[in-house]
Amino acid sequence: MARSQVLLCACPDLKVEVQDLAQRLTQAGLKIQVSPPLCTPAGLQEQGARLQAEPGEWLVAACGPAQHQGLFQRLAGEEILPVVNLLEEDHLESAVAAIP
């Protein structure tokens, strides 16, 4: 199943402005949901149930698996939840290009 939405984590450690990235991805035709940092209680509360209920619908753009080993997978349950590591992206253009 193709991922139809991107969950964009508003991680304070990202080097790109999350709102600018969300705007560019929306202009490119993607459906974007900006979330509080997913590793925080607010982020988990807001998005945890959504990811568990619809894991096949989401691509997560956030810190990579090395940063939060297993967190995103626990949220998704048994289904594989793809995660794009935005911590590696230094510029808006490279962050946009990292989202498939």
Side-chain angles (χ1 to χ4, degrees):
M1 174 185 288
R3 308 294 168 165
S4 61
Q5 300 182 76
V6 176
L7 182 59
L8 182 56
C9 180
C11 176
D13 295 334
L14 297 180
K15 298 170 189 160
V16 297
E17 291 294 326
V18 172
Q19 294 302 328
D20 292 344
L21 179 57
Q23 182 179 10
R24 287 288 301 278
L25 294 172
T26 299
Q27 290 171 348
L30 296 173
K31 295 179 183 176
I32 306 299
Q33 173 74 44
V34 177
S35 171
L38 290 168
C39 62
T40 65
L44 291 172
Q45 181 178 7
E46 184 174 309
Q47 302 301 336
R50 177 178 288 161
L51 290 175
Q52 287 176 349
E54 304 171 333
E57 299 294 319
W58 295 97
L59 168 73
V60 175
C63 299
Q67 185 75 8
H68 295 294
Q69 189 66 29
L71 171 68
F72 301 122
Q73 196 55 51
R74 283 194 310 272
L75 289 174
E78 293 184 17
E79 186 157 341
I80 300 294
L81 183 66
V83 178
V84 174
N85 185 357
L86 292 180
L87 282 178
E88 297 176 348
E89 307 306 328
D90 292 330
H91 304 287
L92 182 60
E93 294 303 319
S94 64
V96 170
I99 308 293

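Only a predicted model underlies this, so the values are computations on that prediction, with no experimental measurement involved.
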Gap between atom CG of Leu25 and atom CD1 of Ile32 - 0.5 Å precision: 4.5 Å

pair Pro37-Pro12: side-chain heavy atoms closer than 4.5 Å: yes

Point-to-point distance, once rounded to the nearest 0.5 Å, from CZ of Arg50 to CH2 of Trp58: 5.0 Å

Derivation of the side chain to side chain contact (heavy atoms under 4.5 Å, CB included) call for Glu46 and Gln33: CA-CA 11 Å; Glu46 184 174 309; Gln33 173 74 44; 4.3 Å; yes

Greater than 12 external heavy atoms within 6.0 Å of Gln45's CD: no

Shortest non-hydrogen separation from Ala10 to Val18 and the atoms involved: CA-CG2, 3.8 Å

Steps toward side chain to side chain contact (heavy atoms under 4.5 Å, CB included) verdict (Leu59, Leu7): CA-CA 6 Å; Leu59 168 73; Leu7 182 59; over 6 Å; no

Between CG on residue Leu87 and NZ on residue Lys15, distance to nearest 0.5 Å: 7.5 Å

Approximate separation, where rounding is to 0.5 Å, of Glu93 CD and Leu21 CG: 10.0 Å

Distance, nearest 0.5 Å, that separates CD of Gln19 from OG1 of Thr26: 9.5 Å

Chi angles and distances behind the side chain to side chain contact (heavy atoms under 4.5 Å, CB included) call for Leu86, Ile99: CA-CA 9 Å; Leu86 292 180; Ile99 308 293; 4.3 Å; yes

For Cys63 against Val83, the heavy-atom pair lying closest together: O-CG1, 3.5 Å

For the student: nearest non-hydrogen atoms of Ser35 and Gln47, plus distance: OG-CG, 3.1 Å

